[in-house]
Protein chains: 2
Amino acid sequence: MDKFDKKILTALHENARISYAELARRVNLSAPAVADRVEKLEHAGVITGYHARINPAKIGYPIQGLIELTVKHQDYYIVMEQLGTMPEILECFSVTGTSGLLLKVAVHSMPDLQALIARLMQYGDTKTSIVIDVPVPLRMPEVVETE
Amino acid sequence: MDKFDKKILTALHENARISYAELARRVNLSAPAVADRVEKLEHAGVITGYHARINPAKIGYPIQGLIELTVKHQDYYIVMEQLGTMPEILECFSVTGTSGLLLKVAVHSMPDLQALIARLMQYGDTKTSIVIDVPVPLRMPEVVETE
DNA sequence: CCTGAAATCATTGGCGG
DNA sequence: CCGCCAATGATTTCAGG
């Protein structure tokens, strides 16, 4: 993980669709060299994917929420299975503390949010917040050069 | 937003680095046609970016946390400014409820987490959870076809 | 939205540090 | 091991229909 890898990660985090040729120009290496490094970063698990970021509000999901779900321990695996079947759930974190799970969700309407909460309440207590704004949209940790 | 746009969004969410040629094959359109549609989706704000997903644990940030920050109202804009200067903060949501802000953070070590919390406590009460696992890594809302 | 041509890019193999 | 160069095949892009 040197300064080249650092620049590669930064550039691909900023725009994952740039060509190897363009990436090569930005980091001052040849295209085969950067392609090689990118492949190594993928294989090492540093880069785990490339994703288009889609604005939920523009495709019919104007309401985003965060739901803390306090699951009874014996239901944990049943819940995890169920979460996979609910398309409104965009992301899920298993966390320490009483709640156990934090879900990021997007829904069409308030009644839909209510229905989702009702469904989740089968598995434990819920505490819901509505997302008003996302002031820091997405950032990458500062890469620490090694070796 | 028809079935072609839906397929385009799904494919680019799954892998943002595929070529227009490959995308064209998957949706049964020509490469110029898909390139045109993608540009329109970007310009319409449906696609807001393409990002490499980087595993924080592999670049020196093994600990991820979620911090609820209850900001005193008069400090809100000062806090927002400060958050932009803290590289450990990966994402920030402004939410309803008492806490007001939810921060997703990644740090090198527990002492670093403690230091970050200490810094944030200047601006309000904090409640920190450690992320144990991310069972649903990232999903896209189901696209609803219109027109 | 498609086709087709020209420019650009990706990918491979071989060479040199 | 790592990166560069060169050549081939694929892709992007633009024109015209």
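All values derive from a computational prediction rather than experimental measurement. Convention: sequence-line order gives letters A, B, ...; per-chain numbering from 1.
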Atom-to-atom span, [atom1] of [X] to [atom2] of [N] - whole angstrom:
| X | N | atom1 | atom2 | value |
| --- | --- | --- | --- | --- |
| A:D5 | D:dC2 | CG | C1' | 12 Å |
| A:Y20 | C:dC9 | OH | C1' | 12 Å |
| A:N28 | D:dC4 | CG | C1' | 14 Å |
| B:E39 | D:dT13 | CD | C1' | 11 Å |
| A:D36 | C:dA10 | CG | P | 14 Å |
| B:E22 | D:dT12 | CD | P | 10 Å |

Would you kindly compare B:R17 and B:F4 by the position of their nearest DNA chain C nucleotide and give the one closer to the 5′ end?
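By nearest-heavy-atom nucleotide position, the 5'-most residue is B:F4.
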
So, B:R37 and B:D2, do they make that salt bridge, N to O below 4.0 Å?
yes

Starting at the 5' end of DNA chain D and moving along, which residue's nearest nucleotide shows up first, A:P32 or B:P32?
A:P32

Residue met sooner reading DNA chain D from 5', once A:L29 and B:A35 are mapped to nucleotides
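Nearer the 5' end of the strand: A:L29.
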
Would you say B:R37 reaches C:dC1's phosphate, i.e. side-chain N/O to OP1/OP2 under 4.0 Å?
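Yes, because at least one side-chain N or O of B:R37 sits under 4.0 Å from OP1 or OP2 of C:dC1.
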
Choose from D:dT11, C:dC2, D:dT12 the nucleotide whose nearest atom is closest to any side-chain atom of B:R25.
D:dT11

The side chain of B:A33 is closest to which nucleotide in this list: C:dC1, C:dA10, D:dG3?
C:dC1

Ring centre gap for B:H51 and A:H51 strictly below 6.0 Å:
no

Indicate, with yes or no, if the rings of A:H108 and A:Y61 have centres closer together than 6.0 Å.
yes

Between B:I59 and A:M1, is any pair of side-chain heavy atoms under 4.5 Å apart?
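Side-chain contact under 4.5 Å: yes.
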
